[in-house]
Structures are given as C-alpha cells and as structure tokens.
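Here is the structure we will look at, set down as structure tokens.
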Amino acid sequence: MTDMTVPDTGTGYGRKPSSHDARLTEVGPGTPMGEALRRHWQPIASSTALTSDVPHRVRLLGENLIVFRDGQGRPGVVFERCAHRGSSLFYGRVEEDGIRCCYHGWKFDVQGHCLDQACELDGGKRRNLARQPWYPVEEAYGLVFVYMGPPEIKPPLPRYDSLEPLGEGESYHTSWMVPGAEVIGLEQDYNWLQLFENAVDPVHAAWLHSNHSGFQFQGTGTTGFPEHYYDHRTAAERTTYHRTDNGVKYVWRYQDTKGDGGAPVDLEWSVECMLPNIIALPDFIRSTPDVRNDMLIWVVPADDTHHRLVFSIRSADPERATSFMFGIKQNGKDGWQLSDEEKQRFPGDYEAQRSQGPITQHSEETLAPSDKGVVMLRRMLRTMLDDVEAGRTPLGVATPGEPVRHVEAGLVTRPEAPTGTDRAAAPTAAGA
Ligand code: FES
Ligand SMILES: [Fe+2]
C-alpha cells in the first residue's frame, strides 16, 4: 500500500520546460554553430550521380540551394530563388554554360553571372547587374564540396589518408541506392548532432544492435564481429575514449580467432569523429584486421531538424558500398519494410535517435560514464565555437600545403602485452 505520510519524489509535476543546447545544434546563418560549420567545406552531391540532366534541390545549413552540373561538366551551387522574381531554379533547365529559369528565361552560370535575359531586348542590356547568389565548389573523393563561409578566408579542402591514394582497381563509391538520395545523400528528420554523437557511443551496439533487437549487423558471427563482441556486461571495461589530432575516437577491444580454429588474437576496433561533422567508420560487415580505413561519412546539417548522410568509400569491391548501405537489418529487414509494431520490437538506429526528438532536449539528459565520448565531442565542438567567435581558426580547417591527414579509425591486431600486465588496462597501440 502507498505510504500517504511521505510525499512522492521524482514525479513529473512542476518540472521546468525542457530545452535544447542551441549553440551546439542550430545551424542557420549567423548562429554560432552555423558560422563554425561554414568555415568548412561540406559535401553537397555525389560527383558520379550529378549529371547535366535536371538540377537538384538541396537544403544546407538552413539555406535553400540548387546543385547542378552544366553541359560543360562544371558543377554549380546557387540560391534556389531566381534573382529576377523568385521562381525556383529547381524547375530550371540545365544548358551548356549554365542554368536557365523557367519563368522568363534568365540564364546564370555556375558563379551566378547572368548570361542572358531571354525576354529583354538584346538579351538584357543591363544583365551584368543581375547576379544569382552562388557558392564555390570543388570536386574530390567522388563528391562535390561547397564552401558557404567568408570568401576571404576560404580554406583548401582537407585531405584524408582513408580516401587516398586509390589502390589498384579502386574507385570512389558515393551514391546511395535509395530513391531520392542518389545525388544529394540520405536525408533524416532530426538534428545532425544526434547522429554525429552516436558514432562515439559504442555501447549502444552492445545493447540496441544486439541484446535488445537481436543481432543487427549482417556480418555478426561470420565474417564480422563474433557475438561476444557485443557483451554489454563487459563493454564498458573494454572501451576507451581518446583525443585525436582532429577529433575523438573510441577503441573497443575484443578477442577473435585467426582463420579456422586458429589461435585467439586480441583486436581493437575504433571509430573516429573528426571535427566538425565527419565519421570515419571501418567496414562493420567484413571486418578485416590491419587494413587501411576506406570510408568517411559526413553528417551534413540540412537545417536544425534535418540532416543528410553523405559518404565516400574507396574500394575495388562493388559489394562494399552495398554492405554499408544495407548492412544493418531489423528483424532481417530494411527499416522502411517494418510495420510500426515491428519497429517497437526490433528498433534500430533511426528509432533510437529520431525518438530523442527533432532536436534532443539537453536539459533533460542524465549522462553516465559510458557517455564519455559524447562529452568529449561536445567539449571539442564548444571549443570550435569559441575559436570562431574569438577570430581564431577552428580545429579541422585546412591550411595551404598541409599534409594528408591520418585517420585513426580501423580494426587492428593488438600487440602482445608484456607478461604480468593487465591486458584490459594496457595502453592501446594508437591511443592518445
Ligand atoms: S523569375 Fe526567373 S527569370 Fe523571371
Ligand atoms: Fe548504431
């Protein structure tokens, strides 16, 4: 029976309204994170999927943009609203030297110069005065990158040793085999930071992707992780978190056998989050030890409550990209094939992250030791914001001539620990 003499504690009554951390999550022009993200090149399209056919509508950092490739093969990014009277260039026509608006036929090149005003005498005597707002682009790693920041401090594109040099027979795979996502990436309807933080939250794999919903990674128990990899009772003691040159990584230790019936080997799996929004994720389906990492994922904010996942994989294996795109199953199915009740019984990343809200309510969180990676990442992002506000160059922005960056994600065979040491506590090969 309820004791009526002692008031209940911890009830929901009278709680203050909840709130999100606007500095970390909001990305529009003029916001702290929006300005910081605008110091970095952001991928906006797959180079291979972007043809000179129709233009594509892309929302990026709260701005409505159009990405297209003109008939000469040059990629361009311009504002969606036509500089004349505002019709959408989504309905424009791609031509040899630019994009032409459907309404009165004004044509703009990839830098927004107005080349023609179809309905004006002589193509518009004052057309030089019209300019469609545009952003600079560069192509690398099979992607089109755009720079939306202050033109006077436009940095070079950073380079990563995950993606270069290409090995024999290798090419870049960058296009999602999902309707609507082939060119501009896979859009999801919640704040970008919820997904980015997930990459330094390894213990969720020991619960969500294995215990709670059954084994969801397709390689489990075969070519990928052994099932004991996911043991949630030992996950905390097997995991460490480290600062890297460009962000944060976790290292997750486990044991496997080398080949059929071979001797046990100790392995370290690590994922790195590089500032401001890049995840280096090794192949989680065919987890092959001691090979160079081959993939980066950008978590590109579309606006405060949407993001897109854009990736580049360097591989000679056509199956590599497919296994990444469709390698996590829920009850043996892809997410969109599940009924609402199946999603309840077999939730995956989307259910866990989207249900945090369009933007999670940071004021309601209760962080624990296994959130260490999340805490480290947020701290680094806050430092990035402080740097931008103080006029300093934030971490992650490339400088001219800098060397190719070393990406620390991977699966490595752990060297033998000296006799008598505690293996779980021994320093990692690559840990900082
Ligand atoms: S609105 Fe685009 S040409 Fe008139
Ligand atoms: Fe996950």
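Each ligand, and each atom within it, is numbered from 1 in the order the structure gives.
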Side chain Asn277, main chain Val299, donor-acceptor under 3.5 Å: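 Side chain of Asn277 to backbone of Val299, a donor-acceptor pair under 3.5 Å: yes, one is there.
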Does Thr413 offer a backbone N or O that forms a donor-acceptor pair with the side chain of Asp290 under 3.5 Å?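 Answer holds: yes.
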Looking at Asp317 and Arg286, does any basic side-chain N land under 4.0 Å from a carboxylate oxygen?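 Result for this pair is yes, salt bridge flagged.
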Between Arg127 and Glu120, does any side-chain N to carboxylate O distance fall below 4.0 Å?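 No, this pair does not count.
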In terms of relative ring orientation, are Trp41 and Tyr147 parallel, tilted or perpendicular, with 30° and 60° separating the classes?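 Geometry flag for Tyr147 against Trp41: tilted rings.
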Heavy atoms from other residues, nucleotides or ligands near CZ of Arg93 exceed 12 (cutoff 6.0 Å):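 Counting neighbours around CZ of Arg93, 12 or fewer heavy atoms of other residues, nucleotides or ligands fall under 6.0 Å, so no.
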Listing by chain and number, which residues have a heavy atom under 4.0 Å from ligand 1?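 Protein residues near ligand 1 are Cys82, His84, Arg85, Gly86, Ser87, Cys101, Tyr103, His104, Gly105, Trp106.
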For a side-chain hydrogen bond (donor to acceptor under 3.5 Å, both in side chains) with Gln330, tell me which candidate from Glu351, Gln216, Glu342, His209 qualifies.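 Going through Glu351, Gln216, Glu342, His209 one by one, the side-chain hydrogen bond (donor to acceptor under 3.5 Å, both in side chains) with Gln330 is satisfied by Glu351 alone.
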Could you tell me whether the Fe ion (ligand 2) has an N, O or S atom of Asp201 under 2.8 Å away?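 Of the N, O and S atoms in Asp201, none lies under 2.8 Å from the Fe ion (ligand 2), which means no.
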Degrees at the Fe ion (ligand 2) between the OD1 atom of Asp349 and the NE2 atom of His209, nearest 10°: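 Computed angle, vertex at the Fe ion (ligand 2), rounded to 10 degrees: 100°.
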